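Have a look at the structure below before the remarks.
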2 protein chains.
Amino acid sequence: MRLSKKSVYALRALTCLGASTASEVVSIHAIARQERIPKKFLEQVLLALKKAGIVQSSRGKGGGYALRVAPAQVTLGDIIRAIDGPLAPLPCASAVSPVKCPGCLDVESCWLRGVMTEVGAEVSAVLDHITLADLCRRAALSQRRSPHVLMYEI
Amino acid sequence: MRLSKKSVYALRALTCLGASTASEVVSIHAIARQERIPKKFLEQVLLALKKAGIVQSSRGKGGGYALRVAPAQVTLGDIIRAIDGPLAPLPCASAVSPVKCPGCLDVESCWLRGVMTEVGAEVSAVLDHITLADLCRRAALSQRRSPHVLMYEI
DNA sequence: TTATTGTCTACCAATTAAATAGGAATTATG
DNA sequence: CATAATTCCTATTTAATTGGTAGACAATAA
């Protein structure tokens with residue numbers, strides 16, 4: 001149930017883009033520096049987000065990335081799915097792209113898949129009602145307070 | 001967001017125990033054979049479940065495992081937590097045992113932790129309202145139909 | 001034409017998950 | 001008591017995944 005580092009990077013990069021106006025582009029370099037993310041790794045993250053239709057890019061000098069849709073239109077679920085794949089607890093229980101998992105051939109696995117499909121749907125529902133706009137709002141709020149205070153907040 | 005093989009084994013082993021009466025014990029060997037789980041691996045799984053207070057064991061000849069609590073008293077959440085650890089999407093966002101994760105020192109991580117703590121709580125809520133009794137019921141149902149039919153059911 | 005930027009693919013390193021191994025401790029039973 | 005069956009515990013090995021790096025290539029603005 002753990003979020004990969006990759007998708008955390010994606011979330012941070014996207015709030016970074018969400019903070020800019022829609023028209024202006026931000027370079028990989030700038031995002032990497034600001035968010036302290038390994039540049040070449042971030043490259044792959046953004047490429048995946050582009051493939052998922054969440055961001056758009058322009059190349060060449062002065063190029064960079066921008067959101068392709070409004071922050072309120074992108075959900076946490078969209079982002080995590082784009083990076084980490086289906087949210088289903090089991091490969092075979094994915095609504096998007098169900099894949100027969102090993103050990104899924106016999107009867108026992110079948111009822112498990114049933115339960116897990118439902119669990120996956122509920123998890124998706126949770127993640128799909130939190131939008132990038134929400135994240136940006138929270139990020140902006142915490143930006144305003146002192147880092148030191150936040151660091152030790154429970 | 002994927003379930004480990006280990007916890008799938010745990011779920012299957014437990015439904016196996018749930019199917020037996022509370023008083024009778026089932027040996028690792030029997031469970032492993034019935035559920036086609038590597039015996040030595042299952043050993044570790046059951047040990048973890050025991051440490052979590054979900055099952056009890058008796059050693060020596062004629063020994064084995066049995067549930068320590070009623071199937072309706074154990075939740076999916078309990079089981080998965082016992083095997084895979086906290087359900088939180090981020091180590092730092094665990095209600096049970098929050099651990100400072102690398103990159104969690106600066107301001108950006110803090111708002112992420114906030115969101116993820118909430119997400120984790122909701123996921124927990126989902127998993128904690130499904131009980132082992134529910135799983136056993138489903139397992140019993142699918143047992144009654146033909147394996148072949150189930151195999152290709154969507 | 002050149003500097004800057006994204007695109008793509010392959011690769012390597014580190015970590016984690018899955019499985020295996022083997023001996024110690026415990027207990028029922030002949 | 002001796003033995004076989006069983007859990008307990010820890011270490012090791014193997015496989016898979018994740019995290020990160022590298023470098024050649026393509027596009028574009030100036």
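Within every chain, numbering begins at 1; the chains are lettered A, B, ... in the order of the sequence lines, protein sequences first and strands thereafter. Just so it is clear, the values below take in all heavy atoms, side chains as well, and ignore hydrogens, waters and symmetry mates. Worth saying up front: this structure is predicted, and the values here are computed from it rather than measured.
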Return no unless some side-chain N or O of [X] is found under 4.0 Å from OP1 or OP2 of [N].
X	N	value
A:Tyr65	C:dT5	no
A:Ser27	C:dT4	no
B:Tyr9	C:dA19	yes
B:Ser58	D:dT7	no
A:Lys61	D:dA27	no

Where each residue is assigned the nucleotide of DNA chain D containing its nearest heavy atom, which of A:Gly60 and A:Ser7 is assigned the position nearer the 5′ end?
A:Ser7

Rounding to a whole Å, what distance do you find between [X]:[atom1] and [N]:[atom2]?
X	N	atom1	atom2	result
A:Phe41	C:dA10	CZ	C1'	15 Å
B:Arg36	C:dA19	CZ	P	15 Å
B:Arg59	D:dT3	CZ	C1'	17 Å
B:Leu47	D:dT6	CG	P	17 Å
A:Gln56	D:dT28	CD	P	14 Å
B:Leu49	D:dC8	CG	C1'	15 Å
B:Leu17	D:dT7	CG	P	11 Å
A:His29	C:dT4	NE2	P	11 Å

Which donor-acceptor pairs under 3.5 Å do the side chains of residues 118-133 of chain A make with protein atoms, sequence neighbours left out?
| unit_1 | atom_1 | unit_2 | atom_2 | d |
| --- | --- | --- | --- | --- |
| A:Glu118 | OE1 | B:Arg138 | NH2 | 3.0 |
| A:Glu118 | OE2 | B:Arg138 | NH2 | 2.8 |
| A:Ser124 | OG | A:Arg81 | NH1 | 3.4 |
| A:Ser124 | OG | A:Gly120 | O | 3.1 |
| A:Asp128 | OD1 | A:Thr75 | OG1 | 2.8 |
| A:Asp128 | OD1 | A:Arg81 | NH2 | 2.8 |
| A:Asp128 | OD2 | A:Arg81 | NH2 | 2.9 |
| A:His129 | ND1 | A:Val126 | O | 3.1 |
| A:Thr131 | OG1 | A:Ala133 | N | 3.2 |
| A:Thr131 | OG1 | A:Asp134 | N | 3.2 |
| A:Thr131 | OG1 | A:Asp134 | OD2 | 3.3 |

Base, sugar-phosphate, or nothing: which does A:Leu46 touch, judged by heavy atoms less than 4.0 Å apart?
nothing

Indicate yes or no: at least one non-hydrogen side-chain atom of [X] is less than 4.5 angstrom from one of [Y].
X	Y	value
A:Ser4	A:Tyr9	no
A:Met116	B:Leu76	yes
B:Leu46	B:Lys50	no
A:Pro89	B:Met1	no
B:Val25	B:Tyr65	no

Per the side-chain contact (heavy atoms from CB on, under 4.5 Å) rule, which among A:Ile54, A:Val8, A:Val45 passes with A:Ile83?
A:Val45

Knowing that exactly one of A:Thr15, A:Leu14, A:Val74 qualifies, which makes a side-chain contact (heavy atoms from CB on, under 4.5 Å) with A:Leu135?
A:Thr15

Just wondering, more than 12 heavy atoms not from B:Arg68 lying within 6.0 Å of its CZ?
no

Nucleotide N/O of nucleotides 22-25 of chain D paired with protein N/O under 3.5 Å:
| unit_1 | atom_1 | unit_2 | atom_2 | d |
| --- | --- | --- | --- | --- |
| D:dG23 | O6 | A:Lys40 | NZ | 2.4 |

Along DNA chain C (nearest heavy atom to each residue), the more 5'-positioned of A:Lys50 and B:Leu3
A:Lys50

Side-chain atoms of B:Pro38 come closest, of D:dT28, D:dT7, C:dA19, to C:dA19

Distances under 3.5 Å between nitrogen or oxygen atoms of protein and nucleotides 11-17 of chain C:
none

Under the 3.5 angstrom rule, does the side chain of B:Ser7 hit a backbone N or O of B:Leu3 as a donor-acceptor pair?
no

